[in-house]
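Below: one structure, written as structure tokens.
Order of listing sets the numbers, starting from 1, for every ligand and every atom in it.
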Amino acid sequence: MADKARGKGGLTRRDLLKGTFLLGGGLLVGTESLAQVIRGKPKANELAYLKLTARPMSFPILPGEATQTWSYEGTYLSGIAAPRAGYLGPILRVIRDAYLNVDFTNLLPEDTTVHWHGLDVPAIMDGHPIMAVPPGGKFNFAFRILNRAGTYWFHPHPHMRTAFQVAKGMAGVLIVEDPAEAGLNLPTGNRDRVYVIQDRSFDSQNQWAYSPGGAGGFLGTQVLVNGRVDLLEEVGTAVYRLRFLNGSNTRIYKLAWSNGMPMTVIASDQGLLAAPRSLPYVMLSPGERVEIWADFRNIPLGQVVSLQSQEFNPGWTGGSATLPQGYYCHMMDYRVTQVLQDTRTLPSILSKIETYRLEDATNKNNPRIIPLSRVGAQWLLNGATYGLHDILPNEIVPRGELQVWEFRNDIGMNIMAHPMHLHGSPFQILDRTTLPGFEQYYDTVKVGLIEEGWKDTFLIMPGQRVRILTKFANFTGRFLYHCHNLEHEDMGMMRNLDIV
Ligand SMILES: [Cu+2]
């Protein structure tokens with residue numbers, strides 16, 4: 001990429017040639033990782049170039065007064081354009097191996113960063129809170145898309161302000177496509193749709209009513225999809241690829257169809273599964289994505305099929321919340337409005353997935369134990385609270401080493417489900433165990449947990465231990481792992497991770 005393609009605050013080719021250098025806050029970057037940012041000369045169709053601005057905006061959501069939001073505004077300079085949905089940011093579509101170049105400007109009245117959730121990018125491009133962009137500041141993100149085809153997203157990650165900024169409206173979707181997936185004949189164009197699910201509360205003037213709550217987190221009074229309170233989508237008698245992102249701060253969904261047809265899952269966080277799964281419901285915790293093969297061919301013209309979240313037992317339900325965690329809610333409707341011809345069939349094999357094996361882990365007999373615990377109203381991760389520069393000995397991980405990590409949500413009487421997220425390379429779930437006496441929670445969700453495939457976020461239920469196999473294959477530097485309950489993250493249920 002040409003030097004002039006990079007804005008202030010970004011990396012210039014001269015910086016890259018200097019080799020190892022320091023950025024504000026002491027983040028060390030090696031040439032090894034940067035070589036992955038700029039590798040050869042990209043062809044024109046491999047370059048997606050975007051201007052992205054975080055700024056106060058306003059959108060009509062409820063009848064009457066518009067809602068003041070903080071939102072991402074995107075302008076494509078090259079690449080593939082895609083529309084925005086309400087207050088949510090643009091939906092970016094990029095090709096795997098493409099170079100994404102984002103000129104980011106912060107027009108908010110406070111610091112922010114952009115985190116590319118699920119993407120394996122160099123540490124300095126990951127939106128770590130240490131890289132905060134001040135009001136009026138700019139940052140040039142530039143990285144190559146190494147991840148599989150799939151549904152990813154981007155959101156703020158500033159120190160102790162992530163929950164607030166996401167609640168104000170800051171989130172966008174990034175879809176990666178690749179030729180292998182394109183060869184499967186999955187629905188495309190108008191039959192490939194993206195939905196961002198977020199619960200929200202409004203005050204009497206139609207403005208966001210947000211409070212971080214106590215130890216539990218934020219639970220809105222109603223569920224919005226793509227920024228709409230009663231989203232009605234028109235479909236035909238055809239198959240649709242429906243991509244769902246849970247962009248909520250705290251709320252977990254148990255997604256199911258109102259007419260009892262199965263949830264046919266074709267992809268999770270990091271793209272296609274090896275084979276489709278047909279389930280009565282699918283769990284979606286904050287940060288997670290799932291893609292559904294929705295077959296409306298047998299639905300009579302004019303009929304409505306609703307997407308709902310069914311009841312489950314999450315442990316803590318939110319005390320006096322209007323819509324408690326784990327309660328039934330209606331989410332959106334699909335109305336069949338036209339007859340279409342669609343003869344496609346669900347592929348029995350979707351992708352090839354290399355499976356990590358426990359016996360190949362360097363610490364197979366000695367898993368890294370990561371407790372989720374609580375002191376008063378304060379949640380801890382790895383026995384500690386977050387500090388911008390804190391690192392513990394077991395948070396230093398050699399690059400390229402396959403390791404087994406065991407998250408334990410079984411300390412004391414902390415009856416709560418947590419979505420855990422690792423930045424950097426994707427991982428695989430090895431297994432989970434439930435302590436005696438805690439089955440009442442897991443039993444209400446277990447059929448809908450997608451444990452196979454590549455993950456970046458997973459739900460851990462009360463009284464559970466989850467083992468994952470992880471390998472940070474590509475980049476060294478400072479990353480994060482944390483609870484994706486955003487109020488938990490902001491209160492310090494997050495830790496640094498140094499890949500060395
Ligand atoms: Cu949590």
Side-chain angles (χ1 to χ4, degrees), residues 115 117 129 155-167 197-199 210-220 246-254 269 283-288 312-319 321 324-326 369-387 390 395 405-423 427 429 432 434-435 438 441-442 445 449 455-466 468 479-497:
H115 169 56
H117 184 122
H155 63 76
H157 222 302
H159 191 41
M160 302 175 80
R161 294 295 278 173
T162 299
F164 179 82
Q165 291 188 5
V166 173
I197 307 167
Q198 297 182 306
D199 58 330
Y210 172 76
S211 131
F218 169 76
L219 291 168
N246 184 351
S248 307
N249 284 28
T250 295
R251 190 174 298 279
I252 301 162
Y253 302 95
K254 181 176 177 175
D269 293 347
M283 299 304 299
L284 197 65
S285 71
E288 286 186 304
F312 63 97
N313 186 352
W316 176 86
T317 57
Q325 181 83 291
I369 308 294
I370 305 163
L372 285 56
S373 57
R374 203 172 91 177
V375 177
Q378 170 75 48
W379 285 97
L380 307 178
L381 185 61
N382 201 27
T385 191
Y386 186 70
D390 281 3
E395 292 167 336
W405 294 9
E406 183 173 309
F407 289 81
R408 292 186 173 177
N409 187 20
D410 62 358
I411 316 291
M413 296 300 288
N414 303 312
I415 312 298
M416 191 161 178
H418 302 268
M420 301 307 304
H421 172 49
L422 273 62
H423 291 211
F427 54 84
I429 295 174
R432 64 173 76 219
T434 307
L435 266 62
F438 288 88
Y441 311 105
Y442 180 51
V445 304
L449 289 172
K455 294 287 288 173
D456 54 60
T457 310
F458 66 94
L459 181 63
I460 182 166
M461 294 298 287
Q464 285 204 315
R465 295 177 176 185
V466 177
I468 67 168
F479 292 90
L480 293 163
Y481 66 112
H482 61 89
C483 182
H484 218 285
N485 173 316
L486 297 182
E487 284 74 28
H488 288 188
E489 172 188 326
D490 280 354
M491 71 166 66
M493 196 180 190
M494 173 161 83
R495 295 292 303 168
N496 286 319
L497 199 58

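We find the CD1-CD1 distance between Ile468 and Ile370 to be 6.5 Å, quoted to the nearest 0.5 Å. Interatomic distance, CG of Asp199 versus CD of Gln325, reported as 8.0 Å (0.5 Å rounding).
The N, O or S atom of His488 lying closest to the Cu ion (ligand 1) is ND1. Closest to the Cu ion (ligand 1) among the N, O or S atoms of His418 is ND1.
Using a 4.5 Å heavy-atom cutoff, the side chains of Cys483 and Met420 are in contact.
Residue contact annotation: Cys483 places an N/O/S atom under 2.8 Å from the Cu ion (ligand 1).
A donor-acceptor pair shorter than 3.5 Å can be found between the side chains of His117 and Thr457.
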